[in-house]
Protein chains: 2
Amino acid sequence: MSLRHALLGLLAQGPASGYDLTRAFAGDDGGIGQYAWQAGHSRIYPELGKMADAGLVVVDETGPRGRKSYALTDEGRTELRRWMLHRPERTTVRDETVLRMFLVQSLEPDDARRLLEGIAEHCAAELAKLRSVMDEVDAEHDPHEPVPFGRLAGEYGLRQYEAVHGWALWSLERLGATVPG
Amino acid sequence: MSLRHALLGLLAQGPASGYDLTRAFAGDDGGIGQYAWQAGHSRIYPELGKMADAGLVVVDETGPRGRKSYALTDEGRTELRRWMLHRPERTTVRDETVLRMFLVQSLEPDDARRLLEGIAEHCAAELAKLRSVMDEVDAEHDPHEPVPFGRLAGEYGLRQYEAVHGWALWSLERLGATVPG
DNA sequence: CCGCGACCTGTCAACCTGGACATGTCCGAC
DNA sequence: GTCGGACATGTCCAGGTTGACAGGTCGCGG
């Protein structure tokens, strides 16, 4: 049940409504929804309700259009910390892209090459996009201030794409293709 | 519905029983179950049944203890290829470990440091393990033969761990810059 | 020959998930 | 002033997923 902890983590940045949280999960903007977890509002609203019942969050303030802003309670903060620091023996991973990578070798070499080339291109494009976003963040960031929230996650995405890109090129070489670019 | 495609991909390596496939998903041995997808036998058996109904697989042979070995049909192979080469607009990712990384900055600096140190250590250990396995594979592998099945996946795991390890160290440095430790 | 552990297949209930359905409100542009 | 689009919350259902329950077979060491 990690949705609960994802919500706790997002609320640790500050109060937010179900709508705000939904957007955080939905974005393909290098946020949590692209790399770590997804959830639709139809899961988020009931979960927020349950979390409120459990005393992990409270309705902080209400705004226009029935907006309910949720904030972490001390109990919620404790639970988040407990979950973050407790290293589980076995974590669940479910990643369609990685699944494809595992199965590359079930394809004919020509098909495998085409797939890998697609992956390499895609990574290069995402890398460029992400890098420009991060450069902007760094430019605005006073080095004496703490690292902005999400900067570490952004760096993670960057290194991730670099790794996959490098892997795709390496694999193409192994398969005996002419490496593009 | 990626379980179906995961099964098709595994069967592309050769016929297997539901039991074999269950072990492939369950292993924490650097296989598909560790990085890409998980499934219990309670999902696998019904799905194999449905896939047989759909003509994607057939019961290849029956063995002792009611063992049923499944093999891909041409139709199954076609469907696998279709899925592998079709780049979806938005893929689902659900990764508890990455989720933790996204939420590192919700922790107090001391806790964050402890978590990152744990991650770095864990990666280093996994890297060492994986590297020794892969060296063995490479030593037994005739360079004139095609790349062994799983070699590309293994390389992926390697680069993955390297990337995460590097990221954890980088993050520790960043956190160290703001709070003296 | 007997028992234990690995092999092997299955079902079921409870829960999670994603997409459709439903409803209504605020705000700025025209 | 009114209209369209973003804001905002919620329910429902079909289908996916998990973990428990269930039952049975082979092979080998003692």
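Chain letters run A, B, ... following the sequence lines, proteins first and then strands; every chain starts at 1.
The shortest side-chain heavy-atom distance between B:Leu56 and B:Arg4 falls under the 4.5 Å cut-off.
What separates CZ of B:Phe25 from C1' of D:dG16 is a distance of 14 Å, to the nearest Å. Atom-to-atom, CG of A:Leu21 to C1' of D:dT9 comes out at 13 Å; the value is rounded to the nearest Å. Spacing between atom CG of B:Leu3 and atom P of D:dG15 amounts to 16 Å, rounded to whole angstrom units. Per the geometry, OH belonging to A:Tyr70 stands 13 Å off P belonging to D:dA8, to the nearest Å. A straight line from CZ of B:Arg67 to C1' of C:dG10 spans 16 Å, rounded to a whole angstrom. Nucleotide D:dT9 holds its P atom 9 Å from the CG atom of A:Leu48, rounded to whole Å. To the nearest angstrom, C1' of D:dG16 lies 15 Å from NE2 of B:His5. Between the P atom of C:dT17 and the CD atom of B:Gln38 lies a distance of 13 Å, rounded to the nearest Å.
Among the nucleotides C:dC7, D:dA8, C:dT11, the one closest to the side chain of A:Tyr45 is D:dA8. Which of C:dT11, C:dT17, D:dT9 sits closest to the side chain of A:Tyr19 comes down to D:dT9. Picking from D:dG10, D:dC26, C:dG19 the nucleotide with the shortest atom distance to the side chain of A:Ser42 gives C:dG19.
Contact between the side-chain N/O atoms of A:Arg65 and the OP1/OP2 oxygens of D:dA6 is not found at any separation under 4.0 Å. Contact check, B:Lys50 against D:dG16: a side-chain N or O comes under 4.0 Å of OP1 or OP2.
Residue whose closest nucleotide on DNA chain C sits further toward the 5' end, between A:Gly66 and B:Gly18: B:Gly18. Map B:Arg94 and B:Pro64 each onto its nearest nucleotide of DNA chain C; the residue landing nearer the 5' end is B:Pro64. Each of B:Glu47 and B:His41 was matched to the nucleotide of DNA chain D holding its nearest heavy atom; the match closer to the 5' end belongs to B:Glu47.
Residue-level contact check: A:Arg43 touches the bases, meaning some heavy atom is under 4.0 Å from a base atom. Residue B:Ser17 is classed as a sugar-phosphate contact, given heavy-atom separations below 4.0 Å to backbone atoms only.
The heavy-atom pair separating A:Tyr45 from A:Tyr19 by the smallest distance is OH-N, 3.3 Å. The two residues A:Ala6 and A:Phe25 come nearest to each other via the heavy atoms CB-CZ, 3.7 Å.
Ion pairing between A:Lys68 and A:Asp60 fails under the 4.0 Å rule for side-chain N and carboxylate O.
A donor-acceptor pair is defined here as one N or O able to donate and one able to accept, closer than 3.5 Å; such a pair exists between the side chain of A:Arg94 and the backbone of B:Gln38.
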